[in-house]
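Everything on this sheet refers to the single structure shown next.
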Amino acid sequence: MADPKGFLTTGREVAETRPVDERVKDWNEVYVPGSLLPIISKQAGRCMDCGIPFCHNGCPLGNLIPEWNDYAYREDWSAASERLHATNNFPEFTGRLCPAPCESACVLGINQPAVTIKNVEVSIIDKAWDSGDVTPQPPERLSGKTVAVIGSGPAGLAAAQQLTRAGHTVAVYERADRIGGLLRYGIPEFKMEKSHINRRIEQMRAEGTKFRTEIEIGRDIDAAKLRRRYDAVVIAAGATVSRDLPVPGRELNGVHFAMEYLPLANKVQEGDLTVSPITAEGKHVVVIGGGDTGADCVGTAHRQGALSVTQLEIMPKPGEERNANQPWPTFPMLYKVTSAHQEGGERVYSVSTTHFEGDEDGNVQALHLIEVEFKDGKLEQKPGTERVIPAQLVTLAMGFTGTDQANGLVQQFGLELDERGNIARDADYATNVGGVFVAGDAGRGQSLIVWAIAEGRSAARGVDRFLTGASALPAPIRPTDRSLMV
């Protein structure tokens, strides 16, 4: 155990953010660089080294949290990094982007603020990179087997790294111009600077993984031909079909999916564009959807100079304490103020958009909404609550409905889908097509980054067994496992 009295004597401290008026003028990460290291050892010492560490259940990766908390408390950063990487290929991604279900399951969190697990994690990995503890791990020998991975998001990258280290020759195919999937173009720079992705890609290249960009399987290469070229294929194409809002005025200029808006802002930061073709500058912005993607749109709009930002959510405002029907250690639906929300804007709950209003040139100018409430389990509009808000840019951030089928990938492989429209797979992540596996959101549906990495690791084991007859690779989850929620 780290500090036997740490949870009694040390209060919870989290990463310090830069002042709002400073950070909205740039695209750097919102946290003060280096602010965690002076406090993180004591924060790690709050871990109680529980007899049954429920943080393991909260995290699908099965992270060895009490172990690396102990090493961080003792400032043995190399050992902490080794324990961290034992279960997680990319802790610098999860430490910045994961909503930390491990903290919701922390035993200390029953009656006190939970251990800052996410902050400890990111401190360990940043220290490891700075100290040179993160090095390529090429295989000792090659198997002679080849694997294609379709998609370079967290699931695809995790599967590729695991299979490369197992000795297989792996090529990752990405339809965008850079590797990273939604990590690259869906996550704004202020949440995770892309240098973190770049150095992981270089590590993977040094290990032997090959990367093929601007190639969309199904359009640029026939999926059936790809299958014949490789001994196995892993589909990690994500759930990239955005949920639409079919209301009058949807066709107006200025109404965009979040995944049309956010990637362009990231391309500006990559140097590909000088100014985004879809910008919030000088506009009243409305973001429809109250989740993390919506918050990303809010923060992006602030940095582009929006006149106002309003975020709409159809569900009621969550409480700040656990509801009785969401007991510990489940992941509770709580009111969350992200760094983007700290920067300004209005959040409106229990409302539904009825239609958009445009000008004579076909540009959106206003949004009409109405309050809603649940009655007998159904969502009903409240008469007399209609109102209009100005909107010259609207982003739809209402989640995703499944993997892309328009590009022909599903049909060309001949893949079966489950009842939710995801690619069906068995206990080894294998599809109905021999040698073709699926990992991440393409098989699970829209989920969290930790689940994507866990799926990539687990699918890699299935592929390794298929290719060699046995596997020593870990498989932290089954395809049927679900989040610890009620």
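All values derive from a computational prediction rather than experimental measurement. When a residue number appears, it is its place in the shown sequence, counting from 1.
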Are any side-chain N or O atoms of [X] and backbone N or O atoms of [Y], one a donor and one an acceptor, separated by less than 3.5 Å?
{"X": "D418", "Y": "R420", "result": "yes"}
{"X": "T213", "Y": "R178", "result": "no"}
{"X": "D376", "Y": "K378", "result": "no"}

>> Less than 6.0 angstrom from the centroid, inside 45 degrees of the normal: does R184 satisfy that with respect to the ring of F93?
In response: no

Nearest 0.5 Å, please: how far is [atom2] in [Y] from [atom1] in [X]?
{"X": "E103", "Y": "I117", "atom1": "CD", "atom2": "CD1", "result": "5.5 Å"}
{"X": "C98", "Y": "I449", "atom1": "SG", "atom2": "CD1", "result": "7.5 Å"}
{"X": "L396", "Y": "I288", "atom1": "CG", "atom2": "CD1", "result": "5.5 Å"}
{"X": "Y173", "Y": "S152", "atom1": "OH", "atom2": "OG", "result": "13.5 Å"}

Other residues, nucleotides and ligands only: do more than 12 of their heavy atoms fall within 6.0 Å of [atom1] on [X]?
{"X": "I52", "atom1": "CD1", "value": "no"}
{"X": "R219", "atom1": "CZ", "value": "yes"}
{"X": "E281", "atom1": "CD", "value": "no"}
{"X": "K267", "atom1": "NZ", "value": "yes"}
{"X": "Y31", "atom1": "OH", "value": "no"}

> So K283 and L307, side chain to side chain contact (heavy atoms under 4.5 Å, CB included) or not? Walk me through it.
Replying inline: CA-CA 5 Å; K283 298 176 182 177; L307 285 179; 6.0 Å; no

>> For a side chain to side chain donor-acceptor pair (under 3.5 Å) check, start with the C-alpha distance between R457 and N89, then their side-chain angles and the critical distance, and finish with the verdict.
In response: CA-CA 9 Å; R457 290 171 65 87; N89 297 72; 2.7 Å; yes

Provide the closest heavy-atom pair for [X] versus [Y] in the form atom of the first, atom of the second, distance.
{"X": "R243", "Y": "M398", "result": "NH1-O, 2.8 Å"}
{"X": "N266", "Y": "I187", "result": "ND2-O, 3.0 Å"}
{"X": "R175", "Y": "T240", "result": "NH2-OG1, 3.4 Å"}
{"X": "M333", "Y": "Q326", "result": "N-OE1, 3.0 Å"}

>> Run D296 and Y261 through side chain to side chain donor-acceptor pair (under 3.5 Å) and show every step you take.
In response: CA-CA 10 Å; D296 294 343; Y261 174 59; over 6 Å; no

> Please walk me through it: do E343 and R303 pass salt bridge (Lys or Arg N to Asp or Glu O under 4.0 Å)?
Replying inline: CA-CA 10 Å; E343 295 161 2; R303 283 158 179 77; 2.8 Å; yes

>> Working note: E346 + H341, criterion side chain to side chain donor-acceptor pair (under 3.5 Å); need CA distance, chi angles, decisive distance, verdict.
In response: CA-CA 8 Å; E346 182 182 4; H341 296 128; over 6 Å; no

> Once the angle between the rings of F190 and W27 is folded into 0 to 90°, is it parallel (under 30°), tilted (30 to 60°) or perpendicular (over 60°)?
Replying inline: tilted

> Side-chain donor-acceptor pair under 3.5 Å between Q365 and H284, yes or no?
Replying inline: no

>> Using side-chain heavy atoms (C-beta onward) and a distance below 4.5 Å, is R46 in contact with T9?
In response: no

>> Could you walk me through whether H368 and E357 satisfy the side chain to side chain donor-acceptor pair (under 3.5 Å) test, starting with their C-alpha distance in whole Å, then the side-chain angles of each, then the deciding distance to 0.1 Å, before giving a yes or no?
In response: CA-CA 8 Å; H368 293 247; E357 180 183 332; 2.7 Å; yes

